[in-house]
Amino acid sequence: MPESVPAPQLSLPDDEARARVAAFADDLARRRTVRDFSSRPVAAGVLEDAVRAAASAPSGAHVQPWRFVLVTDADVRRRLREAAEAEEREFYDRRASEEWLDALAPLGTDATKPFLTHAAALVVVFEVHAGPTSPKPYYVKESCGIAVGFLLAALHQAGLATLTHTPSPMRFLGEVLGRPPEERGFVVVAVGHPAEDARVPALERKPLDEVLVRV
């Protein structure tokens, strides 16, 4: 038998459990993707604690197949933006179908990605595959996806705005950031404070009875 420790006892009275999760859901419902960031810096330690929260996520076989690269250097971010925009121009001009472009139209996105240099910081998340010092991962995309969800929730709790960016292909992320070949780009998270005049599309989320099925 593997070594074990007592399970955490987290149970709450029913009314407190409902109140806590309802308040958490209400707070997360306020979260929106922001594309216009101010130059205001993030308080010291906040990003590190957010990554610590993300790294507490469950993962396949507990391999924890993720790497979080915190990028604040202006020159590195400039190079990331140049490479990302080159890929995005290919996407918008050649690779994307009309159907895909129509789906993106209400969001107002295009090949220009100013948030990569304007946000206070970038957290670039990599999948970690088998390598000289890393084991074979299991359910790597699912594991990284859960961890990024934790990351976004933690940053929102800190009063910060985020934007997830998934350029395709992402090979340039490892090249610019000097990551080993077993690390493969998963997502770029821009994080910071929204600009004072920042606006977001007037979107509605699906109601609970449309996304929840009881059996």
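Since this is a predicted model, take the numbers as computed values, not measurements.
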Checklist entry - Please walk me through it: do Asp75 and Arg79 pass salt bridge (charged side-chain N to carboxylate O under 4.0 Å, His left out)? => result CA-CA 6 Å; Asp75 181 63; Arg79 288 189 285 136; 3.4 Å; yes
Checklist entry - Taking it one step at a time, do Leu80 and Phe172 satisfy side chain to side chain contact (heavy atoms under 4.5 Å, CB included)? => result CA-CA 8 Å; Leu80 285 174; Phe172 72 89; 4.3 Å; yes
Item to check | Evaluation steps, side chain to side chain contact (heavy atoms under 4.5 Å, CB included), between Phe150 and Arg52 | outcome: CA-CA 10 Å; Phe150 278 31; Arg52 187 163 61 89; over 6 Å; no
Checklist entry - Can Val213 and Val215 be said to form a side chain to side chain contact (heavy atoms under 4.5 Å, CB included), step by step? => result CA-CA 7 Å; Val213 177; Val215 295; 4.1 Å; yes
Checklist entry - For Phe186 and Phe126, what are the C-alpha separation, side-chain angles and deciding distance, and is it a side chain to side chain contact (heavy atoms under 4.5 Å, CB included)? => result CA-CA 5 Å; Phe186 182 72; Phe126 289 86; 5.9 Å; no
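Within the 4.5 Å cutoff, the side chain of Leu70 has no heavy atoms near those of the Val51 side chain. Using a 4.5 Å heavy-atom cutoff, the side chains of Val188 and Thr166 are not in contact. Here the side chains of Leu122 and Val189 are not in contact, with every heavy-atom distance at 4.5 Å or above. Here the side chains of Met170 and His165 are not in contact, with every heavy-atom distance at 4.5 Å or above. Using a 4.5 Å cut-off on side-chain heavy atoms (C-beta onward), Ile146 and Pro58 make contact. At least one side-chain heavy atom of Ser143 sits less than 4.5 Å from a side-chain heavy atom of Pro65. Inter-residue side-chain proximity for Glu99 and Asp102 is flagged as unmet; no heavy-atom pair is nearer than 4.5 Å. Here the side chains of His156 and Thr162 are not in contact, with every heavy-atom distance at 4.5 Å or above.
Hydrophobic clustering (side-chain heavy atoms under 4.5 Å, transitive across Ile, Leu, Val, Met, Phe, Trp, Tyr) groups Leu163 together with Leu173. Cluster membership for Val42 and Val148, using ILVMFWY side-chain heavy atoms within less than 4.5 angstrom, is shared. Linking ILVMFWY residues whenever their side-chain heavy atoms come closer than 4.5 Å, directly or via other members, leaves Val71 and Leu151 in distinct clusters. Under a hydrophobic-cluster definition in which Ile, Leu, Val, Met, Phe, Trp and Tyr are linked whenever side-chain heavy atoms come within less than 4.5 Å, directly or via other members, Leu160 and Phe68 are assigned to the same cluster. In this structure, Val176 is not a member of the same hydrophobic cluster as Val125, with clusters built from ILVMFWY side-chain heavy atoms closer than 4.5 Å.
Pairing each heavy atom of Thr33 with each of Val200, the nearest pair is O-CG1, 3.4 Å. Of all heavy-atom pairs between Arg81 and Thr117, the closest is NH1-OG1, 2.9 Å. Heavy-atom minimum distance, Val140 versus His129: CG1-CE1, 3.7 Å. Contact between Ala190 and Ala119 at its shortest, heavy atoms only, is CB-CB, 4.0 Å. Residues Leu107 and Arg35 approach most closely at O-NE, 4.2 Å, considering heavy atoms. Nearest heavy atoms, Trp66 versus Cys144: CB-SG, 4.1 Å.
The distance from the NE2 atom of His118 to the OG atom of Ser38 is 11.5 Å, given to the nearest 0.5 Å. Rounded to the nearest 0.5 angstrom, Phe91 CZ and Asp110 CG are separated by 11.5 Å. Atom CG in Leu28 sits 4.0 Å away from atom CZ in Phe24 (nearest 0.5 Å). In this structure, CD in Glu85 is found 7.0 Å from CG in Leu116, a value given to the nearest 0.5 Å. Once rounded to the nearest 0.5 Å, the distance linking CG of Asp36 with NE2 of His193 reads 15.5 Å.
The pair Arg171-Glu175 does not meet the salt-bridge criterion, since no charged nitrogen lies less than 4.0 angstrom from a carboxylate oxygen. Taking the charged nitrogens against the carboxylate oxygens, Arg20 and Glu16 do have a contact shorter than 4.0 Å, which makes a salt bridge. The pair Glu183-Arg67 counts as a salt bridge, with a side-chain nitrogen and a carboxylate oxygen less than 4.0 angstrom apart. Contact check on Lys113 versus Glu87 returns no salt bridge, with no Lys/Arg side-chain nitrogen under 4.0 Å from an Asp/Glu carboxylate oxygen.
Around atom CZ of Arg78, more than 12 heavy atoms belonging to other residues, nucleotides or ligands sit under 6.0 Å away. Annotation: Asp14, atom CG; neighbour count of heavy atoms from other residues, nucleotides and ligands within 6.0 Å does not exceed 12. Tyr139 OH: 12 or fewer foreign heavy atoms inside a 6.0 Å radius. Other residues, nucleotides and ligands contribute only 12 or fewer heavy atoms inside 6.0 Å of the CZ atom of Arg30.
Neither side chain, Tyr138 nor Ser59, offers a donor N or O lying under 3.5 Å from an acceptor on the other.
The closest donor-acceptor contact from the side chain of Arg205 to the backbone of Ala29 lies under 3.5 Å. Of the possible polar contacts, none joining the Arg89 side chain to the Ala84 backbone as a donor-acceptor pair under 3.5 Å is found.
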